[in-house]
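Here the structure is a predicted model, which means the values were calculated and not measured.
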Amino acid sequence: MAPVPISPINVGHIDDVQELRKARPATIPERFVRDMTERPTLATALQPPDTVPIIDFSRLVKGNKDEYKSEMLQLTRACEEWGFFQVINHGIDLSLLESIEKVARDFFVLPLEEKQKYPMLPGTVQGYGQAFVFSEDQKLDWCNMFALGLEPHFIRVPKLWPAKPLKFSETVEVYSGEVRKLCQHLLEYIAMTLNLRTDFFEEMFGVAVQAIRMNYYPPCARPDLVLGLSPHSDGSALTVLQQGKGGSVGLQILKDNKWMPIQPVPNAFVINIGDTLEVLTNGKYKSVEHRAVTHKEKDRLSIVTFYAPSYEIELGPIPELVDENNPCKYRTYNHGEYSKHYVTSKLQGKKTLEFAKVESKKPT
């Protein structure tokens, strides 16, 4: 997770969007109003949501030969063509999904002064507040966040783990343990789609880094002016998203240069490929830009898990995936360095991945 910045960062005044919603101001504060080019068009929001590929995890684990083969082809297509997919029948108890959603909602409805006991300091990404804000004139997202580092234990900041609601920490621990196992299993199957050993990523990653972030998007009187979350790709290897039941359709991905809403499948996880897997696969599987939009009447809750290699690992394209037809597109770098670069940069499309790209040689 983010180091404490060496020099103070002046982020200016940041309004808490839940408090703004309660106050119902006549106009949206200027720091939330996006430039014309960034605003979501209502026409996009009204289009029927498309469905990203759906992977039936139970068919991979215990399906017959034909089911397994069919699901592996679907997984390969999802990674190559979409960078996003939804996983059903994932084996995690649905009551645990309900429990994590309940403690997340219960946290966000606490009084502001209670939540502010766990502040996300400027330049860091753990605690309550807004992450990725680095200046006083930067546009803000219509979102409240609460994030915690989980694994390995040295990234944890114990004073940021809330005392309320009851069972919050206990539920996060159990949930995160189950999601960690799911990430490990998914990476085994992803390795097989690349003709790599099943345990390839697990061996490479060492003690994988894992973090959780809960995002709460209150309704917004002018959803056409704001963004719930700025466009970005994730720095992780895999990201696992649980969408709260009954919320608005807020997640959008950039597909063929158009923003496409993703309709959540009940009890499914939305999985996306992060920058780390794009680098490791030499661009065969790409991370995808995504954003969140808001709704005039409905709120939205999402619970996001980020899973990535140990900070000590040196990362670069896997040699088996580099050849004459697929020359090396990314340099080798330390994952900890990249993580530091990612969390100290504002969310801006896939710009942080420039850190890893090999500069193309100009013809002489």
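Contact of the Trp142 side chain with the Leu227 side chain is not registered, since no non-hydrogen atoms from C-beta on lie closer than 4.5 Å. Between Met72 and Met192, some side-chain heavy-atom pair lies under the 4.5 Å cut-off.
Counted by atom type alone, Asn267 and Lys245 present one or more donor-acceptor pairs between their side chains at under 3.5 Å. Asp234 and Tyr307 share no side-chain donor-acceptor pair at under 3.5 Å. Side-chain contact, Tyr311 with Glu337: no donor N or O sits under 3.5 Å from an acceptor N or O. If you check the side chains of Asp35 and Thr37, you find no donor sitting under 3.5 Å from an acceptor. For the residue pair Tyr285/Thr193, the side-chain donor-acceptor check at 3.5 Å is satisfied. Between the side chains of Asn282 and Tyr330, no donor-acceptor pair of N or O atoms lies under 3.5 Å. No side-chain N or O of Glu289 forms a donor-acceptor pair with one of Ser233 less than 3.5 Å apart. Donor-acceptor pairing under 3.5 Å is recorded for the side chains of Asp56 and Ser58.
Residue Val157 is grouped with residue Tyr118 when hydrophobic side chains (ILVMFWY) are merged at heavy-atom distances under 4.5 angstrom, including chains of intermediate members. If you chain together hydrophobic residues whose side chains sit under 4.5 Å apart, Val174 and Leu97 fall into the same group.
Across Arg34, Glu38, Lys139, Arg291, a single residue satisfies side-chain hydrogen bond (donor to acceptor under 3.5 Å, both in side chains) together with Ser230, and that is Arg34. Partner of Met214 under the side-chain contact (heavy atoms from CB on, under 4.5 Å) criterion, chosen from Val304, Leu148, Val172: Val172. With His290 as reference, His232 is the one residue of Met260, Gln252, His232, Lys255 to meet the side-chain contact (heavy atoms from CB on, under 4.5 Å) rule.
In this structure, Asp224 pairs ionically with Arg222, as a charged nitrogen and a carboxylate oxygen lie closer than 4.0 Å.
In summary, the aromatic rings of Phe107 and Phe146 are positioned with their centroids under 6.0 Å apart. Between Phe57 and His90, the gap from one ring centroid to the other reaches at least 6.0 Å. For His295 and Tyr217, the gap between ring centers reaches or exceeds 6.0 Å.
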Checklist entry - How far apart are the C-alpha atoms of Glu203 and Arg197, what are their side-chain angles, what is the distance that settles it, and do they pass the salt bridge (Lys or Arg N to Asp or Glu O under 4.0 Å) test? => result CA-CA 10 Å; Glu203 282 197 4; Arg197 293 188 329 274; 3.2 Å; yes
Item to check | Test salt bridge (Lys or Arg N to Asp or Glu O under 4.0 Å) applied to Lys62 and Glu67, step by step | outcome: CA-CA 9 Å; Lys62 56 190 179 189; Glu67 288 172 337; over 6 Å; no
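The backbone N or O of Ala208 sits less than 3.5 Å from a side-chain atom of Arg180, completing a donor-acceptor pair.
Membership of the apolar cluster around Ile54 extends to Ile88, Val265, as traced through chained side-chain contacts below 4.5 Å between ILVMFWY residues.
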